[in-house]
Structures are given as C-alpha cells and as structure tokens.
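What follows is a single structure, written as structure tokens, with notes after it.
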Amino acid sequence: MQEELIPANLRKRLDDLKDREDSYWHDEMYSVEALTNMAYRQELERSFKLDPLGPMPPRQQF
C-alpha cells in the first residue's frame, strides 16, 4: 500500500497551528481532513506530541 502524502494546503495549516493556542489544534483533530486522511492525522499527533485517539471507525462505502 502506498503511503498517503500530505497536500500543501494541509502542510501550511499544520505550520499555522504551531503558533496558536492549544484549542486550535484540538479542534483540528476533529476536522474532516484529520478524520479522513490518516497521514495528516498522524502528522498532527506527531507535531503536537499527542497520543493517538484510537482506531478510526470503518470507512463507509457508498
């Protein structure tokens, strides 16, 4: 399986969060991007030294 890449807009968002209060990155953990892009979520966790919140729910297929 090929590892997902983090798009430039999400990389910029990570950089912007580093200078903000904790509440900003806490909210970001529940954003659509963080819930659907595991590479981005892992980068958030690594950047802010967070423990993973546990496994993600199964992905719905339409």
Side-chain angles (χ1 to χ4, degrees):
M1 186 167 108
Q2 187 177 10
E3 186 176 321
E4 292 179 278
L5 299 176
I6 299 174
N9 66 325
L10 295 180
R11 178 68 59 193
K12 182 177 181 334
R13 192 184 298 183
L14 275 172
D15 292 339
D16 292 343
L17 287 171
K18 289 180 182 177
D19 298 329
R20 296 189 175 237
E21 295 178 11
D22 292 355
S23 62
Y24 285 90
W25 58 258
H26 185 267
D27 289 344
E28 186 66 18
M29 292 297 290
Y30 297 97
S31 69
V32 172
E33 292 84 1
L35 294 173
T36 59
N37 184 333
M38 289 306 295
Y40 179 60
R41 183 169 186 93
Q42 289 172 348
E43 187 64 21
L44 272 170
E45 291 169 350
R46 187 189 66 72
S47 294
F48 298 103
K49 297 175 179 54
L50 305 174
D51 290 330
L53 297 177
M56 298 295 295
R59 186 174 189 170
Q60 293 181 344
Q61 295 184 2
F62 297 96

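Along the sequence shown, residues carry numbers from 1.
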Atom pair CG/NE2 of L17 and H26 - distance to nearest 0.5 Å
13.0 Å
Suppose we screen for salt bridge (Lys or Arg N to Asp or Glu O under 4.0 Å). Which residues come up paired with R20, at least two apart in sequence or across chains?
none
Kindly write out the residues that satisfy salt bridge (Lys or Arg N to Asp or Glu O under 4.0 Å) with E33, not counting sequence neighbours, or none if the list is empty.
R13
Criterion salt bridge (Lys or Arg N to Asp or Glu O under 4.0 Å) on D15 and R11, from CA distance to verdict:
CA-CA 6 Å; D15 292 339; R11 178 68 59 193; 5.9 Å; no
side-chain hydrogen bond (donor to acceptor under 3.5 Å, both in side chains) involving D22 - partner list, sequence neighbours excluded:
W25
Looking only at heavy atoms, the pair that brings A34 and E28 closest together is CB-O, 3.3 Å
Any donor-acceptor pair under 3.5 Å linking the side chain of R41 with the backbone of T36?
no
Quick check on the hydrophobic clustering: are I6 and Y30 connected, directly or via other members, by side-chain heavy-atom contacts under 4.5 Å?
yes
